[in-house]
Amino acid sequence: MREGHNSVLIIEDEADIRQLLRTLLEREGYAVSEAIEGRDGVRQFHQSHPDIVILDVGLPDLDGWQVLERIRDMSDAPVLMLTALSTERDKVRGLNAGADDYLTKPFGKVELLARLQAISRRQVNNKDLVTTFDDGTLHIDFAHQEVTVDGNPVVLTPTEYRLLATLARHQGQVLSSDQLIELAWDDPSGLAPSRVKYAVLRLRRKLGWDEGDDAPIETVRGFGYRYRSRSR
Ligand code: CA
């Protein structure tokens, strides 16, 4: 682990656990940064691009699942989830949502370090992993946040990008306006669902997709929105 001085972002609201993690990790040569809330954690993640994230499930604003989803919209950086409860259901949920591993509190030092080393190794082996969405029409490069439609680059605002990335990652699933607000907006508090409607309209216009029977971003009346590939 000493090679490269890996950086770790800890997103955890409990001061005791943050301090414990910081002490352990710094002793092992990691560069440690901390966030005590989910939203700040996402912000710091985008600013500092840490090598590894340790993410608590129970956070005061966005919960760990929402934070994970936002991180995964942009990055495949390894994420170790922390939880107070060890249930098989949570574990499956975490791994399905793109967590790399799972640790139940209270945890021992040896176990923590072993998990971190394992996920860092896996990351090195996965360096060539393709982090793109491509259905023949829409291409999204998640690492660089670049979007092309039929080969033409499209310039999007950060919210429009996250909206599109979220819909594409949930291809075929209907997402409600409330879900999209939680997943795509920086500050979802107090936003009316009509914001989603207008953002979708702008997004379709920028992508050159007017709503029609085969529009890739489909309005499902009374439920929400769905991305579906046109080319299949
Ligand atoms: Ca917590």
Side-chain angles (χ1 to χ4, degrees), residues 1 5-120 122-123 162 165-166 169-170 175-176 178-191:
M1 194 45 45
H5 293 284
N6 279 357
S7 54
V8 180
L9 171 63
I10 301 166
I11 309 175
E12 161 67 276
D13 58 319
E14 284 162 73
D16 292 356
I17 294 180
R18 278 202 316 277
Q19 189 52 51
L20 171 76
L21 287 168
R22 176 182 278 280
T23 307
L24 280 176
L25 294 173
E26 284 181 343
R27 206 179 290 154
E28 294 296 313
Y30 290 92
V32 177
S33 54
E34 299 176 8
I36 59 178
E37 291 187 335
R39 223 160 256 141
D40 184 44
V42 173
R43 210 166 7 240
Q44 286 199 40
F45 179 84
H46 294 313
Q47 279 165 6
S48 62
H49 302 285
D51 298 312
I52 300 177
V53 180
I54 298 180
L55 173 59
D56 187 36
V57 171
L59 293 168
D61 55 345
L62 295 180
D63 68 22
W65 307 115
Q66 294 168 316
V67 172
L68 177 62
E69 184 133 18
R70 289 182 181 204
I71 289 174
R72 281 289 168 264
D73 277 345
M74 317 279 175
S75 163
D76 281 321
V79 176
L80 177 64
M81 301 286 288
L82 296 181
T83 180
L85 294 170
S86 149
T87 69
E88 205 52 31
R89 205 172 124 229
D90 271 355
K91 180 164 185 175
V92 167
R93 181 177 176 189
L95 297 176
N96 279 344
D100 293 85
D101 208 344
Y102 213 84
L103 198 55
T104 307
K105 294 191 263 190
F107 48 82
K109 172 193 167 178
V110 173
E111 191 183 11
L112 170 75
L113 294 176
R115 301 282 179 100
L116 283 182
Q117 282 172 9
I119 62 177
S120 322
R122 225 174 293 151
Q123 179 68 2
R162 283 196 297 268
T166 302
R169 281 191 187 272
H170 295 86
L175 298 174
S176 70
D178 287 341
Q179 285 174 308
L180 288 168
I181 284 174
E182 265 306 320
L183 295 170
W185 266 260
D186 262 336
D187 182 8
S189 46
L191 282 187

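Position 1 is the first residue of the sequence, and the numbers go up from there. One-based numbering, in listed order, for ligands and for the atoms of each.
For the Ca ion (ligand 1), the neighbouring protein N/O/S atoms at less than 3.0 Å, given as residue and atom, are D13 OD1, D56 OD2, G58 O.
When atom types are taken as modelled, the side chain of S48 and the backbone of Q44 share a donor-acceptor pair closer than 3.5 angstrom. Checking side-chain atoms of R43 against main-chain N and O of H46 turns up no donor-acceptor pair under 3.5 Å. Using modelled atom types, no side-chain atom of D100 and backbone atom of L80 make a donor-acceptor pair closer than 3.5 Å.
Under the 4.5 Å side-chain criterion, counting only non-hydrogen atoms from C-beta, L59 is in contact with I11. Side-chain contact between I71 and V67 is present, with at least one heavy-atom pair separated by less than 4.5 Å.
Rounded to the nearest 0.5 Å, atoms CD (E12) and CG (L21) are 7.0 Å apart.
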